[in-house]
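Chain A is the first sequence line, chain B the second, and so forth, proteins listed ahead of strands; every chain is numbered from 1.
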Amino acid sequence: MLVPSRRRLWPAAWQTNTRSYLDRSVDTLNKVRVRFAPSPTGSLHIGGARTALFNWLFARHHHGAFVLRIDDTDTERSTEASYKEILTAMGWLGLDWDEGPEKGGQFGPYLQSQRLELYRREAARLLNEGKAYLCYCTVEELAERRRQAQAEGRPPMYDRRCRYLTPADRTRLEQEGRQPVIRLAVPETGTTVVKDLIRGDVAFENATIDDFIIFKSNGMPTYNFATVVDDHLMQISHIIRAEEHLSNTPKQILVYQALAYELPAFAHVPMILAPDRSKLSKRHGATSVEEYRDEGYLPEAIINYLALLGWSPEGEEEIIPLEEIIEQFSLERVSKNAAIYDTKKLTWINGHYLREGNLDRITRLALPFLQAKGLLPDPLPEKDYNHVRSVIAAVRDRVKTLAEVADAASYFFTDVTSYEEKGIRKHFTRPGAAALLDEARERLAALPEFNARAAEEAYRSLAEGKGISTGQLFHPTRLAISGRTMGPGLFEIMELLGRETVLARLDRAARWIRENLA
RNA sequence: GGCCCGUUGGUCAAGAGGUUAAGACACGAGCCUUUCACGCUCGUAACGGGGGUUCGAUUCCCCCACGGGUCACCA
């Protein structure tokens with residue numbers, strides 16, 4: 001697969017620095033290496049999944065490597081449960097990683113919490129070179145100064161007061177028991193330009209960037225520092241991430257420069273917003289991949305939908321097989337503007353994959369939903385499998401999620417205990433309705449062989465013989481045997497139910513009509 | 001508030017100076033049909049506002065408005 005636009009893929013900064021890039025490793029020369037680096041502080045969000053997907057697609061398109069790294073430097077909020085959930089969700093979506101947790105790779109470890117010496121080493125280098133310094137201000141002092149600055153209408157930037165401390169100052173401060181942080185000494189003039197593959201050049205005045213913290217007083221690096229060290233060490237070629245990181249990028253570039261690292265290419269993909277245009281959050285309903293899985297969405301549907309959010313294929317077809325998406329994917333066709341997340345389209349796509357997917361696979365995926373509703377035993381006896389499979393084949397055309405499959409299939413596995421209100425009024429209140437069901441029952445009982453074709457013939461001849469429309473006979477029957485007014489073909493239902501059940505339900509409906517409507 | 005990004009129908013989006021401004025979802029009508037879906041046909045609906053540049057701007061430039069992001073010892 002050839003790179004469509006050489007220039008756009010490899011920014012000028014790289015082309016002019018080919019030599020030092022070569023020095024890094026012949027092994028990865030010109031190889032696309034991307035990463036997805038979630039922090040394990042929650043479930044895999046739909047936005048995170050989209051970012052992961054774009055990275056994955058980019059890697060697969062270019063036959064590069066997709067690295068999964070866990071950014072767990074926030075010891076307060078990181079959890080084991082979240083870590084596991086993210087890995088599970090990635091696997092479920094089919095976003096397999098070439099290097100990362102549970103997989104390994106030559107640039108590991110892939111958990112930042114296991115790479116602390118690396119960050120310490122690089123931070124020490126910065127300190128020695130005078131590019132970073134110790135700051136003894138406490139969280140409280142900083143908060144107070146920030147508050148005051150804002151009250152006076154000044155930008156709430158760190159005032160750099162520890163930047164030029166004398167050794168004596170430091171000794172004094174340390175004796176007070178203060179634990180220092182490390183701050184980067186940011187140039188006070190000049191401009192830092194982010195060469196973004198999606199947005200073009202974005203310039204930031206260095207004067208608007210304060211001496212941000214690269215190491216916390218608890219000995220952990222901050223995101224803006226650790227991510228740079230790792231992206232460099234892991235030889236990441238393209239950093240593809242959400243737009244919310246665009247304003248972090250100049251800071252990171254400053255770190256790259258201080259550390260004398262080669263710059264990777266950057267690409268900031270648009271955000272995904274809730275229908276009210278605000279940032280997607282729990283109050284907007286399901287936002288995690290896990291929730292969608294539990295509601296009965298198929299991974300391929302989510303992938304397909306997410307690919308369409310912020311990226312567009314060249315043709316008009318929007319249901320696209322994964323291989324095709326990989327083949328077509330390019331950063332050039334990623335849009336710049338934020339997209340609103342619309343579950344209607346996701347649901348439509350899901351319905352498509354539900355109908356078209358391999359029946360055995362769909363059956364296997366739907367089974368837990370049926371079992372959760374108590375409709376089927378767990379485990380399902382081997383001998384019942386074919387029947388379940390046939391029922392799913394009959395109902396999947398008219399639903400959009402696996403949860404709906406279970407709902408639509410319920411009466412195949414449990415008794416009809418009630419009849420739809422609307423159906424009662426339309427089909428059971430007609431004079432002679434009970435007698436008609438009795439008559440139909442006799443015809444079916446008399447059939448030498450019971451199947452959809454035979455039942456349909458019997459029904460059509462009965463309707464003809466009585467001079468009534470087929471609908472007048474079909475509708476009450478449907479209500480009697482399924483309790484509903486809609487569903488698969490009537491005779492398909494009958495065959496699936498079997499003669500015994502059909503006759504019993506017809507009897508029961510006739511009795512119900514006589515008792516309740518006569 | 002400072003800085004940064006963005007603005008094509010309700011939503012996703014194509015188009016990048018001259019087009020009847022694609023397509024998809026949703027919505028509406030019809031066809032198919034024993035019902036509901038599916039499918040098919042048709043339809044409603046958009047270039048935020050104001051200035052420039054140009055023979056001509058949705059497309060290029062500027063301003064404004066609006067939306068979003070970010071300004072943490074979170075990532």
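- In the interface, the side chain of A:Asp342 is not paired with the base of B:A26 through any donor and acceptor atom under 3.5 Å apart.
- Using a 4.0 Å cut-off between a side-chain N of Lys or Arg and a carboxylate O of Asp or Glu, A:Glu456 and A:Arg453 do not qualify as a salt bridge.
- In this structure, A:Thr73 reaches the sugar-phosphate backbone alone: every heavy-atom distance under 4.0 Å involves primed, P, OP1 or OP2 atoms, never a base.
- Sorted by first and then second residue, the pairs that involve residues 396-411 of chain A and meet salt bridge (charged side-chain N to carboxylate O under 4.0 Å, His left out), not counting sequence neighbours, are A:Lys373-A:Asp407.
- Here the side chains of A:Ile86 and A:Met90 are in contact, with some heavy-atom distance below 4.5 Å.
- Applying the ring pair (Phe, Tyr, Trp, His ring centres under 6.0 Å) rule to A:His352 yields no partners; only residues at least two apart in sequence or on another chain are considered.
- For the C1' atom pair drawn from B:G69 and B:A29, the interatomic distance equals 43 Å after rounding to whole Å.
- Considering only residues two or more places apart in sequence or on other chains, A:Asp210 meets the salt bridge (charged side-chain N to carboxylate O under 4.0 Å, His left out) condition with none of them.
- Taking only side-chain atoms of A:Lys279, from C-beta outward, the nucleotide of B:A75, B:C73, B:U70 with the closest atom is B:U70.
- Ring orientation note: the planes of A:Phe428 and A:Tyr419 are nearly perpendicular, at an angle over 60° on the 30°/60° scale.
- Within 4.0 Å (heavy atoms only), A:Ser469 reaches no atom of the nucleic acid at all.
- RNA chain B lies under 4.0 Å from at least one heavy atom of each of the following residues of residues 306-318 of chain A: A:Leu308, A:Leu309, A:Gly310, A:Ser312, A:Glu316, A:Glu318.
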Tabulate atom names and distances for all N/O pairs under 3.5 angstrom spanning the protein and nucleotides 5-9 of chain B.
| from | atom 1 | to | atom 2 | distance (Å) |
| --- | --- | --- | --- | --- |
| B:C5 | O2' | A:Arg199 | NH1 | 2.5 |
| B:C5 | O2' | A:Glu243 | OE2 | 3.0 |

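- Qualifying ring pair (Phe, Tyr, Trp, His ring centres under 6.0 Å) partners for A:Phe36, counting only residues two or more places apart in sequence or in other chains: none.
- In this structure, the CG atom of A:Leu273 is 6 Å from the P atom of B:G69, given to the nearest Å.
- Atom name C1', nucleotides B:A22 and B:G9: the rounded distance is 13 Å, in whole Å.
- Put simply, CZ on A:Arg77 is 15 Å from P on B:A72, counting in whole angstrom units.
- Considering only side-chain N and O atoms, A:Ser247 lies nowhere under 4.0 angstrom from the phosphate OP1 or OP2 of B:C71.
- Nucleic acid contact for A:His268: none, since no nucleic acid atom lies under 4.0 Å from a heavy atom of the residue.
- The main-chain N or O of A:Ser113 is found under 3.5 Å from a side-chain atom of A:Asp72 such that the two form a donor-acceptor pair.
- Taking atom C1' in both B:G52 and B:G17, one finds a spacing of 15 Å when rounded to whole Å.
- When each of A:Lys216 and A:Lys345 is assigned the nucleotide of RNA chain B with its nearest heavy atom, A:Lys345 is the one assigned upstream, toward the 5' end.
- A salt bridge links A:Arg178 to A:Glu141: one of the charged nitrogens lies within less than 4.0 Å of a carboxylate oxygen.
- When all heavy atoms of A:Arg241 and A:Thr51 are compared, the closest pair comes out as CA-CG2, 3.9 Å.
- By the ring pair (Phe, Tyr, Trp, His ring centres under 6.0 Å) test, A:Phe412 is found to be paired with no residue, residues two or more places apart in sequence or in another chain being considered.
- Comparing the same atom, C1', in B:A14 and in B:A24 gives a spacing of 11 Å after rounding to whole Å.
- Rounded to whole Å, atom C1' of B:U70 lies 12 Å from atom CG of A:Asp210.
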Checklist line | Heavy-atom protein contacts under 4.0 Å, nucleotides 32-41 of chain B, coded B base, S sugar-phosphate only, - none | finding: --BBBBS---
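- With A:Tyr305 as the fixed residue, the ring-ring contact (aromatic ring centres under 6.0 Å, His included) test singles out one of A:Tyr297, A:Tyr292, A:Trp311, A:Tyr341: A:Tyr341.
- Distances shown here put every side-chain N or O of A:Lys344 at or beyond 4.0 Å from the OP1 or OP2 atom of B:A24.
- Contact annotation for A:Arg154: no contact, since no heavy-atom pair falls under 4.0 Å across all strands.
- Applying the salt bridge (charged side-chain N to carboxylate O under 4.0 Å, His left out) criterion to A:Lys345, with sequence neighbours excluded, gives A:Glu318.
- Between the P atoms of B:G28 and B:C64, the separation comes to 43 Å (whole Å).
- With sequence neighbours excluded, the residues forming a side chain to side chain contact (heavy atoms under 4.5 Å, CB included) with A:Arg154 are A:Ala149, A:Glu152, listed by chain and number.
- Contacts of A:Gln114 classified as side-chain hydrogen bond (donor to acceptor under 3.5 Å, both in side chains), with partners at least two apart in sequence or in another chain: none.
- Rounded to an integer number of Å, the gap from CD1 of A:Ile319 to P of B:G23 is 17 Å.
- Helical stems involving RNA chain B, defined as 3 or more consecutive Watson-Crick or G-U pairs under 3.5 Å, span B:1-7 with B:65-71, B:10-12 with B:23-25, B:27-31 with B:39-43, B:48-52 with B:60-64.
- Residue A:Arg333 places at least one side-chain N or O under 4.0 Å from the OP1 or OP2 atom of B:G15.
- Nucleotide B:C73 holds its C1' atom 12 Å from the OH atom of A:Tyr158, rounded to whole Å.
- Of the P atoms belonging to B:A21 and B:A45, the separation is 13 Å, rounded to the nearest Å.
- Remark: P of B:A75 and CD1 of A:Ile214 are 13 Å apart, rounded to the nearest angstrom.
- As a whole-Å value, the separation of A:Tyr83 OH from B:A75 C1' is 18 Å.
- Across B:G23 and B:A46, the matching P atoms stand 15 Å from one another, rounded to whole Å.
- In this structure, OH of A:Tyr223 is placed 16 Å from P of B:A72, rounded to the nearest angstrom.
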